[in-house]
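Just below is one structure, and these are the notes that go with it.
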Amino acid sequence: MVKYLAKRIFYIILTLFIVATVTFFLMKIMPGTPFANQQKLPPAQQAQLAAQYGLNKPVWEQYLLYLVGLLHGNFGVSYQFSNQPVSYLIGSRIWVSIQLGAEAMVVGVLLGLIIGAIGAIRAGSWVDTSATIVSILGVSIPSFVLAVLLQVYIGLDTRILPIAGWGGFEYTILPMLALAAQPLAETARFMRTEMVDVLNSDYIELAKAKGLSKYGVIYHHALRNSLIPIVTIVGPLAVNIMTGSMVVENIFSIPGIGDQFVKSIMTNDYPTIMGLTIVYCLMLCVVLLITDILYGIIDPRIRITDSK
Amino acid sequence: MADNSKQFSADDFDLLNQNDRSKLDDEKIAAPSLTFLQDSWRRLRKNKAAMIALVLLVILFVLSFGSGLLPLSPYNYQYSNYTNLPPKIPGIDINGFNGTIMQGGVRVNAYVQNHVPSNVYFLLGTDGLGRDLFARILYGTRISLTIAVVASFFDLAFGVVYGIISGWIGGRTDTIMQRIIEILLSIPNLVVMILFLVVLKPGLLPIILAIALTSWINMARLVRAETLELKEQEFVLAARTLGESSFKIAFKHLLPNLSSIIIINLMFTIPGAIFFEAFLAWIGIGVPSPAASLGTLISDGQKNFQFLPYQMWYPALVLVIIMLAFNILGDGLRDAFDPRSRR
Amino acid sequence: MENKDDVLEVRNLKINFKTYAGDVKAIRDVSFDLKKGETLAIVGESGSGKTVTTRSIMGLLANNAVVAGGKIEFHDQNLLKLGRKQMDGIRGRDIAEIFQDPMTSLDPTMKICRQIAEPLIIHKGMKREKAMAQALEMMKLVGIEDAEHRINNYPHQFSGGMRQRIVIAIALVNRPEILIADEPTTALDVTIQAQILRLMKELQEKINTSIIFITHDLGVVAGMADRVAVMYAGKIVEYGTVDEIFYNPKHPYTWGLLSSMPTLDTKSETLPSIPGTPPDLLDPPKGDAFAARNKYALKIDTEKQPPFFKVSPTHYAATWLLDPKAPKVTPPEQIIERQKHFAQLTKKTQKQNLNKHINEQEEQL
C-alpha cells in the first residue's frame, strides 16, 4: 500500500512537472508582450516592466526560477492585478470553487444514483423512459445555457433566490443546480446501465432463488454491486464540474478560480493561466488518487497490492 | 396413455424415404438469417427515438450545408435600420412569431415601430447589428457541425491507430503508451484546449486541432481494450498460423470487428466536440467575428437575454437538438450493435 | 396430488416466449412427476426446454414468458397460481436451485458466510449469530476445508469447485424438499465434476431431498439419476428408469443421444451424431418434431404427433414406432448391444427376486 501510494505520488509529481514545463514554454512562444493590451507604453517603461517581472533574463533561467518558485508555492506575479502574487489570487478564490463544486458533485451524484436505480428497477416502464429523458436532456444541455435559463427564469422572475454574487448558502443554489445537471445525468445513465447489468447477472438469479423478495434482492445484492463502479466516474465528473465552473461562476459572478481563469484568458494574464492550469491538474490528480484508493477499499475483488 | 382415437391406415406407417424427409427440413420456416449489419439496422429501425434523431440530423445537415441555395440574405449582411427585430413569420399571429415583443411590460410591434415595410420579415428576427438570425443560425450550425465532425474524425484516426498499436503490440510499448495516457487523463482537457488556443489564436483550424488534440484518449482506450480482447480470439490465431502479416491482420480482421465500438464512440465524440466548440466560443476564444458558430451566437444572445430572449433561445435550441440527436442516436446504435446491453 | 409418493407433479405445462418474430413455443405440453427422495434427470440438447421447465417451477421465468397452460402441483397448491410473496416463501425454503456457472452465481461483494446464512435469515427468521453458526456447519458439510478461517472470505478467493460447493451449501441450508440442479457440473473440470456429483449424492441421502437434475451429458446421468426424462423441442419424448433409458431405449432420439456418447466398447473410429438441428419453435412442425432428423421417420410422423406408448409401468416413449401397425425397424448396432445387456440384467434381477422370494418363504416355514 505504501509502495503503491509512493508510486502514485511520483506519477502526480511527474505529471505536474510536465504540465508546468509545457505551459511555461507555450507561454514563452506567445507572440507579443503581456503588456500589449494595456495602454501604449513607451519602450523604456516596457523594458522596465520586463525587468521587474524577470522577462529580460534568458528563457532557461526564467524556467529554472519558475520551477524553484513552484516548489515554494510561488506561481509568480499576475500581470493584470499588479503586484498581486498569483498564489494569493488563487488561494483567496479556490475555496469558493471547491465548496460550490463539492455541493454540485454531492447533489448531482446522489440524485443521479436515485434516478438511475429507479430507471433500472422499473426498466421499460414510463418511469424508466422519463428517467432516460431527464438524463439525456441533462447531458445535452450545456451548462452555460442552463445557467442563463436558471438565472433569468428562476432567479429574476421569481426573485426567491439571489441571481449573482457570493454570500450565504442561498447564493450557491442556482449555480449549484446549473453545475450539478451534467453529473446528475451522467451518473443516472451510468447507474442505470450498471444496475441493469447486475440485475441480469447470475448471482441476482441465485438471490431470487434463495427466496429474497424483489426489494430484498435489490437492497442486499443489486445496489452494492452497481454502486461500486460509480467510483470510477467520479474523476471524469470532477473534470466536468471544473469545466462547468468556468462559465457558471462567470455567469453568476462568483469569485472562484473558474471565473478567474476565464478573466485571465481574456486579458492574457499568463502567470495566472499557468498557475491555474497547474492547480486544476493537481486537483484532478488528487481526486483520481482518492477514488482509486476508495475503489480498492470498497471492492473486495481489488486489493491494492505492492505487486501492482 | 396411448391415444388411438383416430385410426390411421397401415399405409401411414410406412417408413419415410430420404427425399420426403429432407423436404420436411426445407419446409421449415425459420427466422430469416441476417448479417450483423442487417440485424443491427433492423434493431435500429425499430428504435423510434433513434430514427427521429437520425432524420433530424439529416435535416439539419441538409439545411445548414445547403443554406446557400435558400433565398436568404447573407449571414453577415447588416440591415443597419432593422436591428433587434423579433421573429416574424407572415400569416402566423402567435406572440413570439408575429413581430411583437415585450418592452417595459407592454407588448409592442417592433416591425411597426421601426417602420419596416410589410413585405420585409425575419423568420427568427435580427441581432443587434441587424443581421438575419435565421441565416446566421444556419451558418453557425454549419460551422459547429464542421468543427465537430472534422475534429471527431481527426481524433478517430489518431485514437484508433494509437489504441490498435498499444493493444496489438503489447508488452513494454503498451505500458509506455498507457502511462502517457494516464498522465494526459489527469489534465482537464478543456485546460489543454484553452492553452492551445491562447497560443495559436482562435480560428477554424486551431479550434479543430485543439478539440482533436484532447478527445482522442477515450477512443484510444476503448480501442485498446477491445484489441486486447480480440487478439486472444481464435480467428486472429488462425490468421496468424496461416502466416498473415501482423499489419494485414490488424486491418483485415481487427478493424471490422472494432467498427461497432468505433462508430458508437464516434456518435458520442461528436456531441462532445460540439459542446467544446460552443464552450470555447462562449468564453471568447471561438471563431472570430463576423463568422459565427452556435456558441458565439449563444454568447452574443445571452447579453440581452432578459429583453430579447429569442436571440439566445433559437441558437441554444438548435445546439441542444444537435446534442440530443447525437446522444440518442449513439444510444440507439449501441443497443443495435450490442443486443446484450439492451434492457 | 394424484400420487401420494410424489412431491411435485407437472401437468400439461405450456410456455411461450414473446419475441419480435412471434411466439416461441418453448414448452409444448410437458408432464412429469417427481417422487420423494428420487433423482429425476431431464436430458436434452440446449434449447430443448429443460431450463425453462425448471425456471417455471421456481417461478423465475423471464418477463416475456407466458404460461399458456398446465399446472405445477406442490403440496396441493398450483405453483403457477401463487402470488409473488407466496412464491418468495417457497423458493429457497422448499425448492432450491443450483446454477450452472459457479464463477458468476455468487455475489462478488458479499462474504460467503453471509451468503450461505441468507436463506436462514429470510425463511427461518434466525438471528444473525445463529444463522452464521449454522452456515459454518453447512460449509463443513459440503467439504470446505478450514471453514472456520474462510467464512469471512469473498467468492473470488475460492476455486470453481469450491464455489460450486458454496452454491450447494446455499441451496441446501434450509433442507429443501426439492433441489433443482441446472447443469451443476458443466462449467467445472472433469475431475471436479465427479467430486461435486458425489457430494450431491451424499447430501441427498443425509437430508432426504428430491433432485431434478438437468443436463445434456448422458454420462453424468448414469451414476446420478433414478429416472430419466428425455426432452426434445419442448416436449418429453421418452421417460423411464435409468436402466430402461440406457439399455432399452425406444425413441429414435434417445438412440441418437446414446449412440453419440462414447463408451469403453465404442469400436468404430467415428462417433455417430444426430444430423441436422432442432426445429424452429416459432413455428413447430405439425407432426413429430424429430421427424426431419429421424432416419426411422414414418409417414404418419409428418401428420400427427405420436402419443406416449407404454413400454413398462415405468417406461413410456412417444414414437409411432411402438404402434402395433408400425414396421419392425432395426435400431443402431450400439442400441442392440445395449438391449442385449438389458435382457441379461432383467433376467438376473428376476432370478434374484425369485431367490429372495424362496428364501422368505423358507424363513416363514
Side-chain angles (χ1 to χ4, degrees), chain A residues 113 117 119-129 191-192 194-232 291 293-305 307-308, chain C residues 51 54-55 57-64 84-112 114-124 152-157 163 166-168 170-171 173-174 176 179-180 182 187:
Chain A
L113 289 180
I121 293 166
R122 299 228 171 274
S125 70
W126 66 268
V127 187
D128 182 28
T129 312
M191 179 69 176
R192 185 186 175 279
E194 275 303 317
M195 195 140 164
V196 166
D197 266 6
V198 168
L199 285 175
N200 284 326
S201 67
D202 287 353
Y203 58 85
I204 292 299
E205 198 72 3
L206 184 78
K208 286 184 197 160
K210 283 178 181 175
L212 275 166
S213 65
K214 185 176 180 192
Y215 290 95
V217 170
I218 290 165
Y219 182 73
H220 289 292
H221 297 277
L223 266 186
R224 190 205 332 231
N225 281 290
S226 24
L227 274 176
I228 289 174
I230 297 293
V231 177
T232 57
T291 53
I293 293 173
L294 205 63
Y295 198 47
I297 291 172
I298 60 176
D299 190 338
R301 283 163 299 184
I302 299 170
R303 288 276 179 248
I304 296 166
T305 51
S307 61
K308 199 192 161 186
Chain C
T51 300
T54 58
R55 285 293 146 93
I57 298 170
M58 291 294 282
L60 290 176
L61 284 168
N63 287 333
N64 62 341
R84 207 168 71 193
K85 272 237 169 76
Q86 287 165 296
M87 209 51 223
D88 286 344
I90 288 177
R91 236 184 273 135
R93 193 186 70 186
D94 303 318
I95 308 179
E97 184 165 3
I98 305 171
F99 295 95
Q100 180 172 350
D101 189 356
M103 302 313 275
T104 55
S105 45
L106 291 168
D107 185 335
T109 60
M110 191 183 268
K111 290 175 180 167
I112 57 150
R114 184 75 214 286
Q115 299 196 42
I116 299 174
E118 225 177 359
L120 294 168
I121 298 170
I122 309 165
H123 294 292
K124 303 248 164 93
N152 281 330
N153 283 9
Y154 288 94
H156 70 277
Q157 291 162 296
R163 288 197 211 181
I166 295 167
V167 173
I168 291 173
I170 293 173
V173 73
N174 269 329
L179 173 67
I180 298 172
D182 189 352

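Below, chains carry the letters A, B, ... as their sequence lines are ordered, and counting in each starts from 1.
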Would you mind writing out the side-chain donor-acceptor pairs for residues 204-211 of chain A within the sub-3.5 Å range, not counting sequence neighbours?
| residue | atom | partner | partner atom | Å |
| --- | --- | --- | --- | --- |
| A/Glu205 | OE2 | C/Arg55 | NH1 | 3.1 |
| A/Lys210 | NZ | C/Gln115 | O | 2.9 |
| A/Lys210 | NZ | C/Glu118 | OE1 | 2.7 |

[X] versus chain A, heavy atoms under 4.5 Å apart: side chain, backbone, both or neither?
{"X": "C/Ile122", "result": "side chain"}
{"X": "C/Leu60", "result": "both"}
{"X": "C/Val167", "result": "side chain"}

Exercise for the section: Write down the atom of A/Pro300, the atom of C/Pro108, and the distance for their closest heavy-atom approach. Expected result: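 Where A/Pro300 meets C/Pro108 most closely, the heavy atoms are CG-O, 3.6 Å.
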Fill in the blank from the handout: All heavy atoms of C/Asp107 vs all of A/His220, minimum pair found to be OD2-O, 4.2 Å
Fill in the blank from the handout: Okay, A/Ser201 and chain C: the region with an atom under 4.5 Å from a heavy atom over there is neither
Problem - Non-neighbouring partners of A/Asp202 that pass salt bridge (Lys or Arg N to Asp or Glu O under 4.0 Å), sequence neighbours left out - result: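 For A/Asp202 there are no salt bridge (Lys or Arg N to Asp or Glu O under 4.0 Å) partners, ignoring immediate neighbours.
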Handout entry: Greatest number of heavy atom pairs closer than 4.5 Å to chain A - which of C/Thr104, C/Val173, C/Ile180
Key =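 Highest number of heavy-atom pairs under 4.5 Å: C/Thr104.
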Handout entry: From CG (C/Asp88) to OH (A/Tyr215), nearest 0.5 Å
Key = 12.0 Å
